[in-house]
Structure formats: structure tokens, C-alpha cells
S.K.: 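Quick one: the structure is below, and I'll ask about it shortly.
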Amino acid sequence: MAWEVVIGLECHVQLKTESKMFCGCPNAFGAEPNTNVCPVCLGLPGALPRTNRVAIGHALLLGSALGCRVRAESVFARKHYFYPDMPKNYQISQYDRPLCEGGELAIERDGVRTGIALTRIHCEEDAGKSFHPERHGDRRLSRVDFNRAGVPLLELVTEPVLRSPAECAAFLTALRRLVRWLGISDGDMEKGQLRCDANVSLRPAGSTPLGTKTELKNLNTIKGVERGVAAEIARQAGILDGGGRVTQATLLFDADRDRLALMRTKEQAHDYRYFPDPDLPVLRVSEALRAEARNATPELPWAREARFRDVLQLPAYDAAVLTESRELSDYVEACAPEGQHKLASNWLMTEVLRWTKERGVSVEEWSARVPAERFRDFLARVASRELPGPIAKQVFAWLPEEDGGVAALLERHGVKVASGEATLRPLVRAVLAEHAAVVAQVLAGEERPFGFLVGQVMKKSGGQAVPQEVQRLLREELAERARS
Ligand SMILES: [Zn+2]
């Protein structure tokens with residue numbers, strides 16, 4: 001039988017904030033274990049949580065970017081379950097009144113954009129981390145680090161509208177690009193800053209009721225999501241094709257061995273015994289706060305990509321690469337001289353990205369050394385042909401290594417550039433004056449002596465002029481003489 005795949009994703013985004021969700025401990029990755037802790041995030045009796053305003057601002061920004069409805073009043077709830085790395089034995093999350101509902105995130109595949117509907121986005125806290133087992137002599141030990149306990153998380157839940165492993169990968173890729181773009185998370189999957197669970201079920205193609213779903217936990221790479229979901233689809237199809245029934249369960253995908261493992265049979269929602277957290281007030285979001293988030297929402301990456309392609313006329317490939325990060329695309333806009341976006345794109349896509357790649361650094365490293373205005377001046381001189389090709393490459397190499405503008409760099413290195421109209425026109429006029437007979441031949445319609453004139457100007461410039469520029473100026477001057 002033909003099966004239709006139905007997938008919903010639950011994505012967790014760790015927010016970039018100074019402090020944790022409900023206490024003042026630093027939200028920092030990689031600190032000594034159990035150093036970023038306090039009575040609140042250790043769940044000690046009598047310690048009271050307070051909501052992190054910055055984290056809520058980040059959530060509102062994401063909600064605004066995705067067109068969600070924001071609740072004026074949302075509620076933090078306790079979600080009870082036992083994890084050794086969760087000292088309170090409950091997690092502060094949101095349940096029936098989440099901060100954001102609805103909205104969508106568009107994915108693009110083969111040039112087609114599809115809006116993936118969202119159910120909700122809510123705020124919660126992360127759990128700590130267990131490490132196990134370790135051997136100490138004949139004992140096996142587990143260790144727990146509470147530094148991550150209480151770190152702000154957003155959980156973003158999609159409707160069950162995804163239809164393939166590739167769509168899941170595209171969704172996560174788009175989400176990562178967006179949270180980085182908004183500056184609310186680094187979205188580094190290797191550090192667990194973006195992770196996702198997938199609910200997967202199959203139903204006979206064309207039927208409406210949903211089949212029994214399973215949940216794949218802790219998919220923490222984009223490839224892992226794609227391969228894990230594909231493996232689960234194949235497993236369920238095998239069971240159904242054999243006339244069996246899928247059992248509701250939670251599974252783990254072992255990316256190294258490309259294998260699924262049963263984790264537990266699924267708890268029902270009521271097992272969590274949700275109730276509003278009595279220690280936290282209702283979260284009130286004023287209209288002013290919502291307006292603040294709307295106003296702070298920048299042009300989104302896909303909108304900028306479309307503008308780069310359609311308005312600035314950059315090739316689709318360039319537009320996609322240059323809008324991968326907001327820093328890079330801001331830099332492109334700031335450094336491109338008027339009407340020279342293609343030129344700026346060429347230099348960025350080849351030379352600048354090669355420079356960053358060779359050094360394993362980010363675009364910020366480049367822009368710290370070569371601020372956009374400085375690069376703009378360089379590009380303007382390339383555009384006006386004041387810097388011929390080989391010299392432009394040489395100047396480019398000096399830019400990140402040395403201080404000063406283009407003129408200062410050329411002077412420091414003793415490079416004379418006989419190019420640019422102001423320098424070249426006198427040379428052109430001198431050549432025309434020296435070779436009156438040849439000029440007469442060209443004016444009479446002969447094309448061959450023109451090359452001789454170009455050669456003479458090149459010679460006068462010491463080989464530094466750009467031939468195209470010399471030709472243009474010669475034609476101008478000859479046209480002038482033809483008229484008089
Ligand atoms: Zn704390």
C-alpha cells in the first residue's frame with residue numbers, strides 16, 4: 001500500500017541571554033561543571049524564580065518574525081517528571097496558555113516556498129546534563145552538571161504538516177538561519193543550542209485520520225533529523241506492510257550507527273501533572289511590548305534574499321550565499337558603491353569568503369579589519385578602473401593586514417597606478433598629438449592603426465593602464481576630433 005508520511009516537529013532553541021530563565025546565574029556554555037548554579041536553579045527549598053525579561057523579548061521577536069498571535073496573558077506551568085539532571089523534579093514550562101500561537105515558517109525546496117504552520121511557541125527552562133557511565137575502579141559512576149539547568153529555551157511546535165525527511169531538514173535549516181539572523185540564539189547544534197524531536201506517523205495515502213505516531217527524541221544535527229526520520233518511516237512502513245500495528249513509543253536515533261532504539265512507551269500528557277507554577281505571576285505582555293517586538297523585527301533573510309535577487313539583480317546563488325548571515329548581508333549593502341552590487345558580490349563571494357575560510361574565521365573578523373566604508377572605497381576604485389586587475393588583487397591582500405586607505409597603501413608600497421581618467425587623459429592627448437598621421441588614418445575609417453594608438457598610450461603609462469579604459473578614452477577623444 002502507498003503510505004502518506006505525517007511529521008510534526010518540536011524544536012528547542014536555547015536563547016542567547018546573559019542570565020538563566022528564572023535566576024541570575026550566567027547562561028554560558030563550557031564553564032567548570034556546577035559553577036553557574038544558585039538556590040533557584042538547584043531547586044533548593046524557599047528559593048523563588050523570577051522571569052528573565054530579555055528571554056521574553058527574544059520570544060516575542062521570534063513570534064513577530066513568524067507572524068504568531070501573542071497572548072496578552074500567558075502562564076508558566078510545572079511539568080513534573082523525574083530526571084536526575086532536573087533538581088526540582090519539575091520543569092517550568094508553559095502548557096495550555098503558551099506565549100505564542102499560530103504563525104508559520106516557510107521552507108524552500110527546489111525554488112518552491114511552502115509555509116509550515118506552527119501550533120505554538122512557548123518559553124521554558126532547560127535541564128542539566130548527565131554524563132554516564134564512567135568507570136572508577138570497579139564502580140560505575142554517573143555525573144551531573146547543573147550549569148545548563150534553567151537556561152532559557154523556546155519550544156517551537158509545528159502542526160503535523162511536514163511530509164518528508166528532506167522537509168524536516170529544510171525546516172530546521174530555515175529555523176537556524178532565522179534565530180541567528182534575529183540574534184536570539186547562536187543555533188549551534190553541536191552545542192545543543194538547537195535540537196528537535198519528531199513525531200512521525202503513516203496513514204494510507206488519501207485518508208484523513210492520523211495513524212499511530214512515535215516520537216524520535218533529541219535529533220541534534222540536520223543530517224541526523226533527516227536520516228532518523230527516514231529510518232523511522234521505513235520501520236513503520238515495514239510493520240504496516242506486514243499487516244502489523246505501530247505502537248506508540250519514544251525512540252532514540254543513534255546517528256553513528258544509523259539505528260533506532262526504543263527509549264520508552266510514551267507518557268500521556270496527564271502523566272506530567274501540569275499545573276500553574278504558584279511561584280510565578282501570570283506573564284502579561286502589553287501592547288507596547290508587542291509593538292516594540294514588531295518594530296525591532298528586521299528584514300527577514302528570505303525577504304532580503306529575494307530583494308538581492310530581484311531588485312539588486314544578483315544571481316540567485318549569490319543572493320542565497322550572501323544572506324546566509326545577517327552580518328554578511330549587512331556588509332554587502334554597506335560596502336557596495338552605488339549600482340555596483342554585482343562587483344561587490346563578486347569580491348565577497350570569491351576573495352573575502354576565501355580569506356575567511358582559509359583562516360577559519362567569521363565575516364566579523366574581516367569586517368573588524370576592513371570596515372565596510374574602507375572596502376567601499378576600494379571597490380569604487382576598482383569600478384572606476386583606477387585600480388587595474390593585478391594591482392587590485394595586491395591592494396586587496398594588504399587591506400586586512402595594514403591600516404590606511406587605498407592611496408596610502410599604494411604610496412607605502414611604492415606602487416604607481418597610471419590609471420583613472422585624470423591620469424590617463426593627458427597621456428591619450430599626448431599620443432594623439434604625437435601621431436597626427438595615424439589619427440588621420442583612423443578618422444578616415446581605418447581600424448588597424450587604432451591598436452597602434454592604444455599600444456602607445458599603454459607604453460606611456462608604463463604598462464599600468466587598463467586597455468579597456470585607454471580604448472574608451474581614445475574613442476572619446478577621436479570622436480571629438482571627428483566633430484571639429
Ligand atoms: Zn541559578
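These numbers come from a predicted model, not from an experiment. One-based numbering, in listed order, for ligands and for the atoms of each.
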S.K.: Is the cationic atom of Lys79 (NZ for Lys, CZ for Arg) positioned less than 6.0 Å from the six-membered ring centroid of Tyr272 and within 45 degrees of its normal?
M.R.: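 Positive - Lys79 is close enough to the ring of Tyr272 and near enough to its axis.
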S.K.: Salt bridge or not between Arg259 and Asp254? Use side-chain N to carboxylate O under 4.0 Å.
M.R.: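 Answer for the salt bridge query: no.
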S.K.: Given the rule in the side-chain hydrogen bond (donor to acceptor under 3.5 Å, both in side chains) test, do Arg304 and Ser329 qualify, once you have shown the distances and angles that lead to the verdict?
M.R.: CA-CA 8 Å; Arg304 186 168 287 184; Ser329 71; 2.7 Å; yes
S.K.: State which residues pass ring pair (Phe, Tyr, Trp, His ring centres under 6.0 Å) with Phe396; sequence neighbours excluded, sorted by chain then number.
M.R.: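 Residues passing ring pair (Phe, Tyr, Trp, His ring centres under 6.0 Å) with Phe396: Trp347, Trp366.
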S.K.: Which pairs, with at least one residue in residues 160-172 and sequence neighbours excluded, count as a side chain to side chain donor-acceptor pair (under 3.5 Å)?
M.R.: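 Non-adjacent pairs meeting side chain to side chain donor-acceptor pair (under 3.5 Å): Glu4-Arg163.
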S.K.: With sequence neighbours excluded, give me every side chain to side chain donor-acceptor pair (under 3.5 Å) pair touching residues 21-34.
M.R.: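 Every pair satisfying side chain to side chain donor-acceptor pair (under 3.5 Å) with a residue in residues 21-34: Thr17-Asn27.
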S.K.: Among the protein atoms near the Zn ion (ligand 1), how many are N, O or S and lie under 2.8 Å away?
M.R.: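 Step by step: take the Zn ion (ligand 1), keep protein N, O, S below 2.8 Å, and you get 4.
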